[in-house]
Q: 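Handing you this structure, nothing more for now.
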Amino acid sequence: MIEPPTFEDLGLTGLAPTAEMVVGLCILAALAWLGNFVAKKIILRILIARVLPQDGPSPRKVVAYLANIVPTVIVAYGVGAVPHLAPGIASVIANVANGVTILVIAMAISAALSFVNALYEQRPESASRPIKGYVQVLKIVVYSGAAILIVAVLIEQSPLLLLSGLGAMAAVVLLVFKDTILSLVASVQLTSNDLLRVGDWIEMPQAGADGDVIDIALHTVKVQNFDKTIVSIPTHRLISESYRNWRGMSESGGRRIKRPIFIDQNSIRFLEAEEIARLKRVALIADYLADKERELGEWNAGLGEAGREAVNARRATNVGTFRAYVLAYLRAHPRVSPAMTLMVRQREPGPQGLPLEIYCFTDTTAWLEYERIQSDIFDHLLAILPEFGLRIFQQPSGLDFRTLAEG
């Protein structure tokens, strides 16, 4: 190692001891500043301009942190050459400088881990298997080790002495890092089982989350709701509590429509012959009505004389014909997926009428397009309902009561 210049080399002998100490400290500070200037203003700028990449992730922060080691090393090894400085003070200054050096190295390692994570996030598999949680665990280990080394340097004791005392503090450590341990286990489960990815739409009402996952970290998962608010959910809650992930819907290519039309049960009745003839002009159900007439005719003919009575015969109903029309309309709709479940079913009647539920899937998962397709379907069905002699059930309004009162 190059020895620092002495006062005899610099021609500064003959000064008072205190003056020599002050001058020595000033020279040490000047050397530290000069080393910092050369490292940051010259070497670092050359590296950033010519060597390190300008676009995308870059280890510039790592190099910038390492540049801070130069002045601390100069102070740590140069303080011993300051004349007339008390050994205790020199030792304290050297220990503090060494502690700062350890801290700077830990920060450089942390920046390097962040750089590795940034490089990994550019890979396509990073969305399904993020490593940010593991990187944060490594950072905790690095800073914990750095803290032990700094304390050991400051008190001039072996780090092994401090580590031996941690066994008695295991319960305290587990208590302090309880959330970290739970989050680490949850992160491993989420990643290994592919339960959550960045970009997934999740719904967790108990946490106020209904939106897209924008970040998966060690302790928290950030969700941006559709109202642009951001909810931070502790990672371990995604394992201990239930939530809905809409990724399966997005990957299937179709989104479900499941909505009933409430029909006034007082409007349900059998169709008359002239009504059937009129409805045959509807192209979507012309074949259905013809087949239905033939089926009912054969059935009623098999009843013999009893089939001539309307009460014994089978007849077409307006609600059944409308159900067949809705099914045919959905099958012919260009934006309804024919490869997925498609049905029109009656649900249990209730105080709000007879629910006729439409169950099908659109051929897109885009939210705006899905809502447009769904609205177009129900616009048409609600408007054509009176053609079948049916009415929509609706709770009486103030206008209904006023019309009734006015006779």
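No hydrogens, no waters, no symmetry mates; every other heavy atom, side chains included, goes into these values.
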Q: Do the side chains of I268 and L390 get nearer than 4.5 Å, heavy atoms only?
A: yes
Q: At what distance, to the nearest 0.5 angstrom, does CE of M340 lie from OH of Y359?
A: 10.5 Å
Q: Just by distance, do the side chain of N95 and the backbone of S91 share a donor-acceptor pair under 3.5 Å?
A: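 Checked: pair present.
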Q: Could you check if a side-chain atom of F322 sits within less than 4.5 angstrom of a side-chain atom of L356, using non-hydrogen atoms only?
A: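 The answer is yes, as the side chains (C-beta and beyond) meet within the 4.5 Å cut-off.
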Q: Which heavy atom of A328 sits nearest to which heavy atom of L284, and what is that distance?
A: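 In this case the closest contact between A328 and L284 is CB-O, 3.6 Å.
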Q: I want to check something: taking the side chain as every heavy atom from C-beta on, are I140 and L218 in contact at a cut-off of under 4.5 Å?
A: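 Yes, at least one pair of side-chain atoms sits under 4.5 Å.
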Q: Can you name the closest pair of heavy atoms from V336 and C360 and give their distance?
A: CG1-CB, 4.0 Å
Q: Can R323 and Q346 be said to form a side chain to side chain contact (heavy atoms under 4.5 Å, CB included), step by step?
A: CA-CA 9 Å; R323 180 162 47 86; Q346 290 186 18; 4.1 Å; yes
Q: Would you say that more than 12 heavy atoms from the other residues, nucleotides or ligands in this model lie under 6.0 Å from the CZ of R331, or not?
A: no
Q: Taking the side chain as every heavy atom from C-beta outward, state whether F393 and L354 have any pair of such atoms under 4.5 Å apart.
A: no
Q: Does some side-chain heavy atom of L238 sit less than 4.5 Å from a side-chain heavy atom of L195?
A: no
Q: Count the heavy atoms of every other residue, nucleotide or ligand shown that sit under 6.0 Å from CD of Q394, and state whether that count exceeds 12.
A: no
Q: Between S375 (side chain only) and R372 (backbone N and O only), is there a donor and an acceptor less than 3.5 Å apart?
A: no
Q: As an exercise, state the distance from CD1 of I202 to CD1 of I233, rounded to the nearest 0.5 Å.
A: 4.5 Å
Q: Please confirm whether the backbone N or O of R256 pairs with a side-chain atom of Y370, one donor and one acceptor, at under 3.5 Å?
A: yes
Q: Output all residues satisfying side-chain hydrogen bond (donor to acceptor under 3.5 Å, both in side chains) with R255, sequence neighbours left out; order by chain, then residue number.
A: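 With sequence neighbours excluded, R255 shows a side-chain hydrogen bond (donor to acceptor under 3.5 Å, both in side chains) to no residue whatsoever.
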Q: If you look at every heavy atom in M204 and R237, which pair is closest and at what distance?
A: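 M204 and R237 have their closest heavy atoms at CE-O, 3.8 Å.
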Q: Enumerate the residue pairs fulfilling ring-ring contact (aromatic ring centres under 6.0 Å, His included) with a member in residues 257-289, sequence neighbours excluded, ordered by first and then second residue.
A: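 Every pair satisfying ring-ring contact (aromatic ring centres under 6.0 Å, His included) with a residue in residues 257-289: there are none.
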Q: Please report the interatomic distance CG(L66) to CD1(I109), rounded to the nearest 0.5 Å.
A: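 Going from the CG atom of L66 to the CD1 atom of I109 covers 9.0 Å.
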Q: Can you tell me how far the CG atom of L119 sits from the CD atom of Q122, to the nearest 0.5 Å?
A: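 If we round to the nearest 0.5 Å, L119:CG and Q122:CD are 6.0 Å apart.
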Q: Could you list all the salt bridge (charged side-chain N to carboxylate O under 4.0 Å, His left out) pairs where at least one residue sits in residues 220-233, not counting sequence neighbours?
A: none
Q: Looking only at heavy atoms, which two atoms of N225 and V231 are closest? And how far apart?
A: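 So the minimum-distance heavy-atom pair works out to ND2-CG2, 3.3 Å.
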Q: Tell me, do L182 and V185 make a side-chain contact under 4.5 Å, heavy atoms counted?
A: no
Q: Counting distance only, does the side-chain N/O of E387 pair as donor-acceptor with the main-chain N or O of I384 below 3.5 Å?
A: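 No; zero donor-acceptor contacts below 3.5 Å.
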Q: If you apply the rule side chain to side chain contact (heavy atoms under 4.5 Å, CB included), what do you find for V70 with V38, and how did you get there?
A: CA-CA 9 Å; V70 176; V38 172; over 6 Å; no
Q: Could you state the interatomic distance from CG (L103) to CG (L149), rounded to the nearest 0.5 Å?
A: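 Answer for the CG-CG pair, L103 versus L149, is 11.5 Å.
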Q: I need the minimum non-hydrogen distance between S267 and N318, along with the two atoms involved.
A: O-ND2, 2.9 Å
Q: Can you label the angle between the Y329 ring and the H333 ring as parallel, tilted or perpendicular, going by 30° and 60°?
A: perpendicular
Q: Can you list the steps and then say if R247 with D194 is a side chain to side chain contact (heavy atoms under 4.5 Å, CB included)?
A: CA-CA 11 Å; R247 188 203 311 161; D194 196 19; 3.5 Å; yes
Q: Do I276 and T321 have side-chain heavy atoms sitting under 4.5 Å apart?
A: no
Q: Going through the distances and angles, do V153 and I150 end up as a side chain to side chain contact (heavy atoms under 4.5 Å, CB included)?
A: CA-CA 5 Å; V153 167; I150 290 172; 5.8 Å; no
Q: Go through the structure and list residues passing ring pair (Phe, Tyr, Trp, His ring centres under 6.0 Å) with Y243, not counting sequence neighbours.
A: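 Once residues adjacent in sequence are excluded, Y243 has no partner under the ring pair (Phe, Tyr, Trp, His ring centres under 6.0 Å) criterion.
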Q: Is there a side chain to side chain donor-acceptor pair (under 3.5 Å) between T235 and S183? Walk through the geometry before answering.
A: CA-CA 5 Å; T235 308; S183 298; 4.7 Å; no
Q: Between I358 and R259, is there a side-chain heavy-atom distance shorter than 4.5 Å?
A: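 Not in contact.
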Q: Do you know the tightest heavy-atom contact between L196 and I216?
A: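 So the minimum-distance heavy-atom pair works out to O-CD1, 4.0 Å.
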Q: Over 60° means perpendicular and under 30° means parallel, so classify the ring planes of W246 and W201, tilted if in between.
A: parallel
Q: For W299, what residues pass the ring pair (Phe, Tyr, Trp, His ring centres under 6.0 Å) criterion, not counting sequence neighbours?
A: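 For W299 there are no ring pair (Phe, Tyr, Trp, His ring centres under 6.0 Å) partners, ignoring immediate neighbours.
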Q: Output the distance between atom CD (E274) and atom CG (L271), rounded to the nearest 0.5 Å.
A: 9.5 Å
Q: Sorted by first residue and then second, give each salt bridge (charged side-chain N to carboxylate O under 4.0 Å, His left out) pair with at least one member in residues 339-365; sequence neighbours left out.
A: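 Pairs touching residues 339-365 that pass the test: R335-D363, R345-E357, R347-E357.
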